[in-house]
Every structure is written in structure tokens, then in C-alpha cells.
J.: 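Here it is, the structure in full.
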Amino acid sequence: MAKIETPRPVRGTQDMLGGTPEAFAERFEHVVATFDRVRRLYGFQRVEVPVFESTAVFARSLGESTDVVSKEMYTFEDRGGDSITLRPEFTAGISRAYITEGWQQYAPLKVATHGPLFRYERPQKGRFRQFHQLDAEIIGAAEPGADVELLVFADQLLKELGINEGVTLTLNTLGDAASREAWRAALIAHFEAHRGELSEDSVERLAKNPLRILDSKDPRDRPVADSAPDIDAYLTDEARSFFEKVTSGLDAAGVAWERNARLVRGLDYYRHTAFEFVTDRLGAQGTVLGGGRYDGLIENLGGKPTPAVGWAAGIERLAMLVDTPERVPLQIGIVPENPDSEFLSQSLAYLFRQHGLSTFTTFSGKKDKRYTRSCAAAELVVNIDALHQKPGTFASLRFKAGQHPRTFGLDKSVENILRGRFKVDLEYVDDVLLNIDLLGEERRVPR
RNA sequence: GCGAUCGUAGCUCAGUUGGUUAGAGCGCCGGUUUGUGGUACCGGAGGUCGGGGGUUCAAGACCCCUCGAUCGCCCCA
């Protein structure tokens, strides 16, 4: 018989198992749970949008010339011949839904979501082909107060995750359309004048996306980039005033921020506020949360002109920064010492679980192994074989690291429970299960 | 798309200047011991040394190709 070759996982995807020392699944879960909790504090509605959309949704909103659209999308033709794309970001899909689902009636709309995104990129630290983001958007609010609330939300999230220490908020303004155009023209003029001093990459950027030269990592670009004009001189009065309101709002809320006049966004639709929370603890991927204002996007998708702000944060990146969440052991472990007790063990476990007690059971292994595993998994370990030797009782053992095991007896009501009645009351003293009392309701227990 | 580093058991890794039947720890399965027990001892299963080709009397080791992983460039969360 030919050997079956196991298909390999797709490059850039990951499998996460809980209960391992790395605890990556737990970190991931912790990030999402914290986000969901904080998002409620700010009154952001949970929103669900499809994982795939018509290709046009992303092509139009991100801009045809961007890297994401031109080479990173998972695009395919479905069986009906339509061009479909796995979402590479959230904002475009949410904006589409805002238009097609009539969500304008709820404006200004505050929504939050999280889930998988897909980008055909070369994987590296903190970067995957299927990755996951948290996302928050305020749609239909042109006021700087919306930017502020979103940033305060982000700041609190990072604080609650305990990772605010190594992470700083860097902030910039890209101005309104008029400011941006004037600045852009000035930048192009500046870079053209120094064309010969630029790296090859930046010469290419000059044609495609000149703003990007500003945050180039290539040391050859730095002198020219650093001497390039800031946007400040080109800001319209409105744009300047908007930015001032955002920064003073942050100051009022006590959110620390740094101006980074070199911060630009890769996607075409950004206006006014642009920001990134960055860290130096993730190798080359410094951005942990990023976003800004995208007043032109919804119009690009065929909707009415609608102002909006939003941000997204990489769940994997946050998970890498977060402390390992404390492991929560199961409450009770049941060890049958001999095979005859297996069935009893399952019945008892069922009983405990019905009453909301998390219960660990073993399926195999010799006695010592069962104890080892049970003690590792549960707070209190119960030996039920005493039931055979002395009906009406079983022994319970409690293990704590570095402590000598102690023994506790349980009272006779256990026998009654196991004989036929379900409803019980479990009594704890000092975290130790001491008593189980019947409450009366009669039901047969399979025996 | 480009560059660098790395692929030996389920996991973490040894394996000398090329030299017999490729090892350890952990994990898994079993036995003995213990018998309020997380132990100790013994044993077992598990490897086409990522794959293919080459050099050599001889390759896990050297050379070429290929696949994969990691990190970086580009870009991004």
C-alpha cells in the first residue's frame, strides 16, 4: 500500500493549541476577550461582515495601485464566474455594509469587530497570510471628538492588556484634501530635486507613492527624507484646527502621544488624523495598532460623502506582547483506580459538571499516571474507589505545589446521589469540597 | 518578488577531522515498587537523518538541485 502523504499546512497559516507552555491560544483568547470587554465600555456595537466580498469592494476602496490590491489579495473566480476576494482588511467591507444595509440611519455609527484577514505576503515574525485583527470604526462623524474617543479607546485597551509600557502612540495629520495635495506636490518637487541621492526603492516610490519615502528605512534615504518639508506649512486653517482639537482632546484625556511628522499611511483613503501605536519589541513589525480618518472612502464606494475614522490592531502582535495569562485549573479531577470504576467516574463527572463544576477525567494510563495528570489539571483530586470498599464514602485529595497531600472524607450523601438523585448542593470550606447535600429532585442516574 | 540562516524520534537537542546495527532527556505505552499515592527503578513502541542527485571504499556530516521553516527587505496590523 502506498504511503499516504499528509498535506502540509498552507504557508503563513497557524495552528494554535491551548494548554501548552507557550499558551498562545490563551494569549490570543485573552486579547479578544479584553477587546470585547473594553469595546462595550465605549458603546461600540458588535458588527459581523463577510470574510469574502466582491473584489471591487477592496479594489475601489484601497486603490488599485497599492501593494495590497496589486499583489497581496487572495482573489478567485467562484463557480458563477464572479470575482471574489478574501478580505485583506475590515474597513472596506464595513463601509460597503454601511451603504448596502442602510446603516446610515444609525449614524454616527460606532462598530467593532474582529476576525481573520488574508494577505498573500512572505511570512515573518508577527506577520502571517491568515492573520487576525481587532477593528473599531466610527462612521458618519466628521468631528475631531470621534478621533479622540477612538484613540482613548485604543489607549485603554493597551493599558488593560498590560502592554502600554513598551508601546507609544505616534500621531500625525495628513490634512484635508487641499492640504494633502499641496504637501504632496511640494514633496515630489523636493524628492525630484534630490533624485540622485535616493535608494532604488525610493525612486520607484517617487512614481507610485511619494509619501512613503518619508518613512523609508534605507539609511541612504534618511537625509533627503529628513530634510523634506513637513505638512504643517501646507495645512489649511481648517485642517490645522482639526488636528489641534484632536491633540488637545488627547491631552485632556491623559493619553500620551508623540508627533511623528514622518508618519504616513499606505492606503489612499486616509485624511487628517493618522496614527500608529508602535513598539520595538516585535522585530521588524513595530506597529501594533494603526489607523486614521478616511473621509473619502465611502464616496469611493458609491455612497454619499461620509466622514469616518477607524483603527485595526493585529491580534497576533498583541498576543506576543501580553503576559502569559494565568492558567485556570479545573475544579475537580476524578481518578478511578481500577477499570471497574470507569463508569462510576463518568457518572460522577457528569453530576459535577451539571452543577457547574469543571471536572477532569482520565481515559487511560495506569494509576500513577492518572494521578499525575489529574493533579496537574485539577485543584481537587478525588479517588472514588473507596466507594467499592466502603459504600457511601470516597476519598478526596488536595494537592498544592510544594505541599504535602491532605485527605478529606465526604459525607454519605454521595452514596444517595450516585444511587438515584441529581439535584445537589455542594459545600466548600477553604476551597475544599466538603459536603454534598441533596435538594430533593428525583431523577434516575444510570448506574 | 529578493536576501540570510536552518531542517536528526511526538517535543528539545547530541552526533568529533566523513568510519560498524543513529543517541539522550522529556512525552507516550507497559511492568515492578509504593499503597492517601504528583515517587523511584526496569522495559517497550517510535527515525526513509526534509526529498532527489552527486563525490567517496564509506555520507546524518562534503557539493548541487529541490521542498519546507525562521528572520530580514518590500509592504503592512
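Proteins come first, then strands; the chains are lettered A, B, ... in the order of their sequence lines, and each starts at number 1.
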J.: Using whole Å, what does the distance between atom P of nucleotide B:A77 and atom CG of A:D135 come to?
T.: 11 Å
J.: Can a donor-acceptor pair be found between the side chains of A:D221 and A:S216 at a distance below 3.5 Å?
T.: yes
J.: If you pin A:P123 and A:R212 to their nearest nucleotides in RNA chain B, which one's is more 5'?
T.: A:P123
J.: Let me know the distance between CG of A:D218 and P of B:G3, rounded to the nearest Å.
T.: 17 Å
J.: So, A:R46 and A:H114: side-chain donor and acceptor under 3.5 Å apart, yes or no?
T.: yes
J.: With C1' as the reference atom in both, quote the distance from B:A58 to B:G18 in angstrom, rounded to an integer.
T.: 8 Å
J.: Please measure how far the C1' atom in B:G47 lies from the corresponding atom in B:G15, and state the result in whole Å.
T.: 14 Å
J.: For A:Y120, does the OH atom sit with more than 12 other heavy atoms under 6.0 Å from it, leaving out its own atoms?
T.: no
J.: Starting at CZ of A:F118 and ending at C1' of B:C76, how long is that distance when rounded to a whole Å?
T.: 17 Å
J.: Which whole-number value in Å describes the distance from A:L321 CG to B:A77 C1'?
T.: 12 Å
J.: So, is A:R11 close to the B:G68 phosphate, meaning a side-chain N or O under 4.0 Å from OP1 or OP2?
T.: yes
J.: Determine the interatomic distance between P on B:C11 and the same-named atom on B:U70; round to the nearest Å.
T.: 15 Å
J.: Output the residues of residues 222-230 of chain A in contact with RNA chain B, where contact means a heavy atom of the residue under 4.0 Å from an atom of the strand; sort by number or write none.
T.: none
J.: How long is the line joining CZ of A:F128 and C1' of B:C71, in whole Å?
T.: 12 Å
J.: Which one of A:L263, A:N260, A:T168, A:L289 satisfies the side-chain contact (heavy atoms from CB on, under 4.5 Å) criterion with A:E276?
T.: A:L263
J.: Expressed in whole Å, how much space separates the C1' atoms belonging to B:G44 and B:U36?
T.: 30 Å
J.: What's the gap between B:U33 and B:U39 when it is taken at their C1' atoms, as a whole Å value?
T.: 10 Å
J.: Find which nucleotide of RNA chain B each of A:I315 and A:R373 is nearest to by heavy atoms, and output the residue with the more 5' nucleotide.
T.: A:R373
J.: Taking atom CZ as the centre, does A:R212 end up with more than 12 heavy-atom neighbours from other residues, nucleotides or ligands that are less than 6.0 angstrom away?
T.: yes
J.: Against A:Y294, only a single residue in A:R265, A:R271, A:E137 fulfils side chain to side chain donor-acceptor pair (under 3.5 Å); can you say which?
T.: A:E137
J.: Can you name the residues that form a side-chain contact (heavy atoms from CB on, under 4.5 Å) with A:R37, not counting sequence neighbours?
T.: A:T34, A:E160
J.: Please check if atom CD in A:Q156 has more than 12 non-hydrogen atoms from other residues, nucleotides or ligands closer than 6.0 Å.
T.: yes
J.: Under 4.0 Å between any heavy atoms, over every strand shown, what does A:R8 touch: base, sugar-phosphate, or nothing? Just pick one.
T.: nothing
J.: With rounding to whole Å, what would you report as the distance between B:C62 and B:C49 at their C1' atoms?
T.: 15 Å
J.: Which nucleotide, B:A77, B:C74, B:C73, lies nearest any side-chain atom of A:D67?
T.: B:C74
J.: Work out how far the P atom of B:G7 is from that of B:C63, and round it to whole angstrom.
T.: 13 Å
J.: Taking the P atom of each, how far is B:U16 from B:C6, in whole Å?
T.: 16 Å
J.: For A:Q14, which of A:E316, A:R129, A:Q130 qualifies under side chain to side chain donor-acceptor pair (under 3.5 Å)?
T.: A:E316
J.: Is there a side chain to side chain contact (heavy atoms under 4.5 Å, CB included) between A:T273 and A:F242? Walk through the geometry before answering.
T.: CA-CA 9 Å; A:T273 322; A:F242 189 97; 3.6 Å; yes
J.: For RNA chain B, what string of dots and brackets results from 5' to 3' when Watson-Crick and G-U pairs need both distances under 3.5 Å, crossing pairs get [ ], and pairs with another strand get |?
T.: (((((((..((((.....[...)))).(((((.......))))).....(((((..]....))))))))))))....
J.: For A:A228, what residues pass the side-chain contact (heavy atoms from CB on, under 4.5 Å) criterion, not counting sequence neighbours?
T.: A:L187, A:H190, A:F191, A:L214, A:R262
J.: Given B:A77, B:C2, B:C74, identify the nucleotide with an atom nearest to the side chain of A:R122.
T.: B:C2
J.: Using a cut-off of strictly less than 4.0 Å, decide whether A:K217 has a side-chain nitrogen or oxygen near OP1 or OP2 of B:C73.
T.: yes
J.: Please determine whether salt bridge (charged side-chain N to carboxylate O under 4.0 Å, His left out) holds for the pair A:R119 and A:E89, giving the CA-CA distance in whole Å, both sets of side-chain angles, and the decisive distance to 0.1 Å.
T.: CA-CA 9 Å; A:R119 245 118 93 163; A:E89 58 131 44; 5.8 Å; no
J.: By the 4.0 Å heavy-atom rule, please label A:E72 as base, sugar-phosphate, or nothing.
T.: sugar-phosphate
J.: What is the distance, rounded to the nearest whole Å, between atom CD of A:Q124 and atom P of B:A4?
T.: 16 Å
J.: Nearest whole Å is fine: how far is B:C74 C1' from A:R119 CZ?
T.: 14 Å
J.: If I take atom CD in residue A:E121 and atom C1' in nucleotide B:C76, what distance separates them, rounded to the nearest angstrom?
T.: 6 Å
J.: Can you sort out the partners of A:R40 under side-chain contact (heavy atoms from CB on, under 4.5 Å), two or more places apart, ordered by chain and number?
T.: A:D36
J.: Enumerate the residues from residues 289-300 of chain A whose closest heavy atom to RNA chain B is under 4.0 Å, giving them by residue number; use none for an empty result.
T.: A:L289, A:G290
J.: When the ring centroid of A:W257 is compared with that of A:F275, is the distance short of 6.0 Å?
T.: no
J.: Using a heavy-atom cut-off of 4.0 Å across all strands, would you classify A:Y120 as base, sugar-phosphate, or nothing?
T.: nothing
J.: Tell me whether the side-chain N or O atoms of A:R317 pair up with the base of B:C76 as donor and acceptor below 3.5 Å, since no angle test is needed here.
T.: yes
